[in-house]
Visitor: 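Quick one: structure below, then a few questions.
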Amino acid sequence: MHLAVVACGDRVEETVTMLKSAMLFSVKKLQFHIFAEDELKPEFERKLREWPHQLSRKFEYKIYPITFSVGNAQEWKKLFKPCAAQRLFLPMILQDVDSLLYVDTDVLFLRPLDDIWAFLKKFNETQLAAMAPEHEVPKIGWYSRFARHPFYGTTGVNSGVMLMNLTRIRKQQFKNNMIPAGLTWEEMLHPLYQKYKNYITWGDQDLLNIIFSFNPENLYIFPCQWNYRPDHCMYGSNCKSAEEDGVSILHGNRGVYHDDKQPAFKAFYEVLRDYPFDGNLYQEMYYPLQSKFLASVHTLCGRIPQVFLKQIEMTMKRVYERRVIVYVGSHGRE
């Protein structure tokens, strides 16, 4: 399973915590594709070398420089957040990769990455990427109220968690509003940016919304529990799939891991960051999470612990059962 992330500036700790959450719970082997500024490469290598040696069978990683194949590199680099536009170029850079999950640095996995990877098998013959809606309620959604450009559906999509079939993306001719004929992904990016650069607010996410507004049949929409953000609870709970099944992937945008505005989100970040790989899941992850949650009940997000904790409870149970089976199996062969 291939996982890609783009990190610039002071995002190393946040990125490594995200990778750690993927490692802790996933079943199949992971390949990390880390795109980072040159000066961050030694720090990433040092931190990943600190991971226990026995984990080396479970993952591989490669660190890439920030590169843009079309247009002005400095312009792309400054689009919205530093380097975020790099994700638009992954189909061209990772030519040997068939499918990929891209996530922002501020994402945390609360269940195996294998589970979101399984959505690839649910794609029909035209779908080549998957994202969650930007909002569940159009009347308080950003795109439906403020966007000055085309966007997908009624609320737009959020690109912080994006599953991609890169092979299909590379082969596709995309409809657009620039020329009557279709354009490949690479051909389309720069002219699309030039056309809309004065109208976009959220950078690469806006460009993706524009692309899929003209090509809605190419996009699979997964439920909000797979990209759960403060917007889903800070105005009252509005993510039905998370209320039913719990949060699967937490996306702490708005910098909420690093301030005190959303302590429910910060609790997950701090506990996963500080959890030792060989620690006891219940004593050193679940109980600290519960106690930090008790301190967040004064916030709207903190009032729904069952939404935040349900999925990670089930995940820890699955991990624990796997460890017991492996332990019993290895002792049975002695």
Side-chain angles (χ1 to χ4, degrees), residues 1 3 14 17-28 30 101 103-104 106-122 130-133 136 158 160-163 220-234 236-253 256-257 262-275 277 279-294 296-297 299-324:
M1 299 182 297
L3 177 63
E14 197 172 82
T17 304
M18 178 277 292
L19 297 173
K20 181 181 184 181
S21 71
M23 266 301 303
L24 281 170
F25 304 134
S26 295
V27 181
K28 291 201 283 288
L30 295 168
L101 178 65
V103 296
D104 287 347
D106 52 10
V107 157
L108 293 169
F109 293 90
L110 307 189
R111 65 190 287 180
L113 193 149
D114 311 61
D115 296 344
I116 190 169
W117 194 257
F119 280 109
L120 287 164
K121 290 191 168 66
K122 296 187 179 183
M131 287 183 272
E136 298 301 299
N158 183 282
V161 179
M162 183 176 180
L163 194 59
Y220 180 98
I221 298 295
F222 46 64
C224 47
Q225 71 183 84
W226 298 95
N227 185 349
Y228 191 90
R229 283 158 278 128
D231 282 359
H232 290 123
C233 54
M234 63 192 281
S237 182
N238 61 45
C239 175
K240 291 284 179 278
S241 70
E243 288 172 7
E244 291 165 10
D245 300 322
V247 174
S248 294
I249 293 180
L250 200 68
H251 183 184
N253 64 348
V256 294
Y257 296 149
Q262 297 296 340
F265 283 77
K266 190 177 184 180
F268 274 91
Y269 178 73
E270 291 181 342
V271 169
L272 283 163
R273 179 195 64 196
D274 299 340
Y275 174 76
F277 271 109
N280 181 294
L281 281 170
Y282 288 94
Q283 289 177 354
E284 292 169 274
M285 186 181 294
Y286 192 62
Y287 296 138
L289 263 179
Q290 281 190 317
S291 63
K292 281 178 182 283
F293 244 89
L294 283 174
S296 71
V297 292
T299 67
L300 280 170
C301 294
R303 287 179 199 169
I304 47 172
Q306 70 283 4
V307 171
F308 281 82
L309 296 171
K310 184 176 183 178
Q311 194 57 240
I312 199 166
E313 270 184 48
M314 293 191 288
T315 298
M316 284 192 282
K317 192 167 178 239
R318 284 157 72 184
V319 171
Y320 180 73
E321 286 168 353
R322 280 205 310 273
R323 286 181 183 175
V324 169

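Source: prediction; values computed, not measured.
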Visitor: Does any pair with a residue in residues 306-317 pass side chain to side chain donor-acceptor pair (under 3.5 Å), and if so which ones, sequence neighbours excluded?
Guide: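 Listed by first then second residue: Tyr286-Glu313.
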Visitor: Taking all non-hydrogen atoms of both residues into account, name the closest pair between Val107 and Gly160 and its distance.
Guide: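 Result for this residue pair: CG2-O, 3.9 Å.
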Visitor: Are side-chain heavy atoms of Trp226 and Arg111 found at a separation under 4.5 Å?
Guide: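 The answer is yes; the side chains approach within 4.5 Å.
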Visitor: Once rounded to the nearest 0.5 Å, what's the spacing between atom CG of Leu3 and atom CD1 of Ile116?
Guide: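 Between Leu3 CG and Ile116 CD1, I get 10.0 Å after rounding to 0.5 Å.
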Visitor: Residues two or more places apart in sequence or in another chain: which of them pass ring-ring contact (aromatic ring centres under 6.0 Å, His included) with Phe109?
Guide: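 Phe109 satisfies ring-ring contact (aromatic ring centres under 6.0 Å, His included) with no other residue.
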Visitor: Just how far is it from atom CG of Leu108 to atom CG of Leu19, taken to the nearest 0.5 Å?
Guide: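 Taking CG in Leu108 and CG in Leu19, the distance rounds to 10.5 Å.
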Visitor: Distance from Ser241 atom OG to Tyr228 atom OH, nearest 0.5 Å?
Guide: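 Going from OG on Ser241 over to OH on Tyr228, the span is 9.5 Å.
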Visitor: Just how far is it from atom CG of Asp274 to atom CE of Met285, taken to the nearest 0.5 Å?
Guide: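 Answer for the CG-CE pair, Asp274 versus Met285, is 10.5 Å.
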Visitor: Is the side chain of Ser26 donor-acceptor paired with the backbone N or O of Leu113 at a distance under 3.5 Å, no angle test?
Guide: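 Confirmed, Ser26 side chain pairs with Leu113 backbone.
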Visitor: So, the side chain of Thr17 versus the backbone of Arg273: is there a donor-acceptor pair under 3.5 Å, distance only?
Guide: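 No, the answer is negative, given that no donor and acceptor are paired below the 3.5 Å cut-off.
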Visitor: Is there any salt bridge (charged side-chain N to carboxylate O under 4.0 Å, His left out) pair reaching into residues 220-231, and which pairs are they, with sequence neighbours excluded?
Guide: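 Every salt bridge (charged side-chain N to carboxylate O under 4.0 Å, His left out) pair that includes a residue of residues 220-231, provided the two are not neighbours, is Glu134-Arg229, Asp231-Arg254.
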Visitor: Mind telling me whether Phe119 and Phe222 have parallel, tilted or perpendicular rings, with 30° and 60° as the class edges?
Guide: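 Because their plane-to-plane angle lies in the 30° to 60° range, the rings of Phe222 and Phe119 count as tilted.
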Visitor: Given the rule in the side-chain contact (heavy atoms from CB on, under 4.5 Å) test, do His232 and Glu136 qualify, once you have shown the distances and angles that lead to the verdict?
Guide: CA-CA 8 Å; His232 290 123; Glu136 298 301 299; 4.0 Å; yes
Visitor: Between Phe265 and Cys233, what is the shortest heavy-atom contact and its length?
Guide: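 Reported closest heavy-atom pair: CE1-SG, 3.8 Å.
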Visitor: Scan Asp115, Val161, Asn227 and name whichever one has a side chain to side chain contact (heavy atoms under 4.5 Å, CB included) with Ile249.
Guide: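 Answer after filtering Asp115, Val161, Asn227: Val161.
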Visitor: Could you walk me through whether Leu309 and Phe268 pass the side-chain contact (heavy atoms from CB on, under 4.5 Å) check?
Guide: CA-CA 10 Å; Leu309 296 171; Phe268 274 91; 3.9 Å; yes
Visitor: Atom CZ in Arg318, atom CZ in Phe25: separation rounded to 0.5 Å?
Guide: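 Taking CZ in Arg318 and CZ in Phe25, the distance rounds to 10.5 Å.
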Visitor: Ignoring hydrogens and angles, tell me if any N or O in the side chain of Lys20 forms a donor-acceptor pair with the backbone of Tyr275 under 3.5 Å.
Guide: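 Side chain of Lys20 to backbone of Tyr275: a pair is present.
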Visitor: Looking only at atom types and distance, does a side-chain atom of Tyr257 sit under 3.5 Å from a main-chain N or O of Gly252, one as donor and one as acceptor?
Guide: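 Checked: pair present.
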Visitor: Return the minimal non-hydrogen interatomic distance between Phe308 and Val247, and the atom names on each side.
Guide: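 That closest heavy-atom pairing would be CA-CG2, 4.2 Å.
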Visitor: Which atom names give the shortest non-hydrogen contact between Glu243 and Asn238, and what distance separates them?
Guide: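 Closest heavy-atom pair between Glu243 and Asn238: OE2-N, 4.2 Å.
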Visitor: When rounded to the nearest 0.5 angstrom, what distance separates CD1 in Ile312 from CG in Leu272?
Guide: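 Rounded to the nearest 0.5 Å, the CD1-CG separation comes out at 5.5 Å.
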Visitor: Where do Val256 and Lys266 come nearest, in terms of heavy atoms and distance?
Guide: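 Shortest heavy-atom contact: O-CB, 3.8 Å.
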Visitor: Run the side-chain contact (heavy atoms from CB on, under 4.5 Å) test on His251 and Asp106 for me, step by step, so that the C-alpha distance in whole Å, both residues' side-chain angles and the decisive distance to 0.1 Å come before the verdict.
Guide: CA-CA 6 Å; His251 183 184; Asp106 52 10; 3.0 Å; yes
Visitor: Could you check if a side-chain atom of Leu24 sits within less than 4.5 angstrom of a side-chain atom of Val319, using non-hydrogen atoms only?
Guide: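 No, side chains not in contact.
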Visitor: Quick one: closest heavy-atom pair of Cys301 and Phe293, and the distance?
Guide: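 For Cys301 and Phe293, the tightest heavy-atom pair comes out as O-CE2, 4.3 Å.
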Visitor: Set out, in order, the CA-CA distance, both residues' side-chain angles and the distance that settles side-chain contact (heavy atoms from CB on, under 4.5 Å) for Met234 and Gln262, then state yes or no.
Guide: CA-CA 8 Å; Met234 63 192 281; Gln262 297 296 340; 3.6 Å; yes
